[in-house]
Amino acid sequence: MRAHQKVAKKRVRAPGRPRGFDPEKALGRALRVFWKHGYEGASLADLTEAMGINRPSMYAAFGNKEELFRKVLDLYGKSTGVYQQEALNEATAHGAVKKILLGAADALGDARNPRGCLLLQGGLACGDESNAVRRELCARRGEGEAAIRERLERAKAEGDLPADADAAELAGYVTAVLQGMSVQAAGGARREKLRGIATRAMAAWPGERQGVDASEGLAI
């Protein structure tokens with residue numbers, strides 16, 4: 001009877017999954033593969049090798065490639081992209097946007113990370129068969145812009161932004177700067193250059209004087 005129970009337990013464990021398998025660590029490794037190669041460029045062989053499991057185990061733990069990618073995007077938002085959510089809690093709209101742009105410069109310019117932004121680079125080369133992935137990435141970028149717009153709308157209602165400020169237009173501007181910084185980073189731009197772009201972008205903020213505080217590297 002005991003022998004039968006031992007055999008049954010062995011059948012429950014997905015084949016090929018190593019003992020001590022850590023789903024979070026495996027997902028982190030998959031994140032870096034997708035980030036470096038994009039959705040279509042990341043092969044199942046690349047993913048399973050990086051994660052240290054075989055395909056049946058990957059499917060059992062994370063679903064198919066598309067489902068794995070969605071889980072990776074969630075992890076990306078909670079790790080690398082967490083600076084944006086934290087920035088939105090700043091006391092002023094100016095402080096929030098400054099923190100978003102500088103946070104992006106630091107994240108994108110971190111030499112330990114693959115180049116560019118996963119939400120932008122991840123689906124640029126997707127074919128028609130991966131339209132669902134492209135739509136997912138577009139939706140997530142849209143959610144980020146909407147969060148910025150909502151923060152700016154609140155700032156306007158509180159008198160923190162001029163009455164004639166257009167929250168939607170400003171959010172679109174910030175998003176465009178972020179995406180431009182991502183493209184620059186994908187091309188090899190370093191942290192210092194990206195922070196310079198953030199500085200110039202802040203100089204266009206409503207009510208800002210056209211100058212730069214050299215001690216902070218920010219518009220004043």
Side-chain angles (χ1 to χ4, degrees), residues 1-89 100 103-104 106-147 178-179 182-183 185-186:
M1 183 65 176
R2 291 181 180 176
H4 175 72
Q5 289 176 337
K6 287 182 180 179
V7 171
K9 287 181 180 179
K10 287 182 180 179
R11 287 174 181 168
V12 170
R13 187 167 62 89
R17 181 183 296 185
R19 294 185 182 279
F21 170 73
D22 187 329
E24 282 300 311
K25 288 183 179 179
L27 197 60
R29 296 182 187 118
L31 164 60
R32 297 190 70 82
V33 174
F34 279 125
W35 195 349
K36 183 177 180 180
H37 300 290
Y39 177 76
E40 287 201 348
S43 70
L44 287 174
D46 292 333
L47 290 164
T48 53
E49 180 180 357
M51 297 165 78
I53 54 178
N54 61 19
R55 291 190 191 186
S57 294
M58 188 194 84
Y59 294 141
F62 303 106
N64 61 24
K65 183 181 177 182
E66 185 176 323
E67 291 169 328
L68 172 62
F69 187 61
R70 292 176 192 276
K71 289 180 174 66
V72 158
L73 292 178
D74 291 339
L75 177 60
Y76 182 78
K78 291 185 295 185
S79 55
T80 304
V82 72
Y83 67 85
Q84 179 166 328
Q85 186 56 50
E86 293 175 347
L88 294 175
N89 294 324
I100 287 173
D106 292 340
L108 292 168
D110 189 339
R112 296 170 296 180
N113 294 331
R115 292 179 176 179
C117 170
L118 177 61
L119 293 181
L120 186 63
Q121 312 293 125
L124 288 181
C126 284
D128 292 341
E129 65 277 12
S130 300
N131 275 337
V133 168
R134 187 185 294 110
R135 289 194 298 271
E136 177 73 19
L137 289 167
C138 184
R140 293 192 184 227
R141 293 195 300 269
E143 289 170 2
E145 181 172 344
L178 289 170
Q179 292 176 352
S182 176
V183 173

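Of all non-hydrogen atoms in Arg32 and Pro114, the two that sit nearest each other are NH2-CD, 3.5 Å. Residues Tyr83 and Ala107 share a closest heavy-atom pair of CE2-CB, 4.1 Å. The minimum heavy-atom distance linking Ala42 with Val33 is given by the pair CB-CG1, 3.8 Å. Heavy-atom minimum distance, Ala45 versus Arg55: N-NH2, 4.4 Å.
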Only pairs under 3.5 Å count here: list side-chain donor-acceptor contacts from residues 68-81, not counting sequence neighbours, and write none if there are none.
unit_1 : atom_1 : unit_2 : atom_2 : d
Arg70  : NH1    : Glu136 : OE1    : 2.4
Arg70  : NH2    : Glu66  : OE2    : 2.8
Lys71  : NZ     : Phe62  : O      : 3.2
Asp74  : OD1    : Arg140 : NH1    : 2.9
Asp74  : OD1    : Arg140 : NH2    : 3.1
Tyr76  : OH     : Leu118 : N      : 3.4
Ser79  : OG     : Leu75  : O      : 2.7

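In this structure, the separation between CD on Glu86 and CD1 on Ile100 is 11.0 Å, given to the nearest 0.5 Å. Annotation: the span from Met51 atom CE to Ser57 atom OG amounts to 9.5 Å, rounded to 0.5 Å. The CG atom of Asp106 sits 11.0 Å away from the CG atom of Asn113 when rounded to the nearest 0.5 Å. Taking CD from Glu24 and CG from Leu31, the interatomic distance works out to 11.0 Å, rounded to the nearest 0.5 Å. Taking CD of Gln179 as the start and CD of Glu145 as the end, the distance is 8.0 Å to the nearest 0.5 Å.
Within the 4.5 Å cutoff, the side chain of Leu137 has heavy atoms near those of the Leu119 side chain. Side chains of Met58 and Leu44 form a contact here, defined as non-hydrogen atoms less than 4.5 Å apart. The closest side-chain heavy-atom distance from Leu178 to Leu108 is not below 4.5 Å.
Of the possible donor and acceptor atoms, one in the side chain of Lys65 sits under 3.5 Å from a partner among the backbone N and O of Tyr39.
For CD of Glu67, the number of neighbouring non-hydrogen atoms (other residues, nucleotides, ligands) closer than 6.0 Å is greater than 12.
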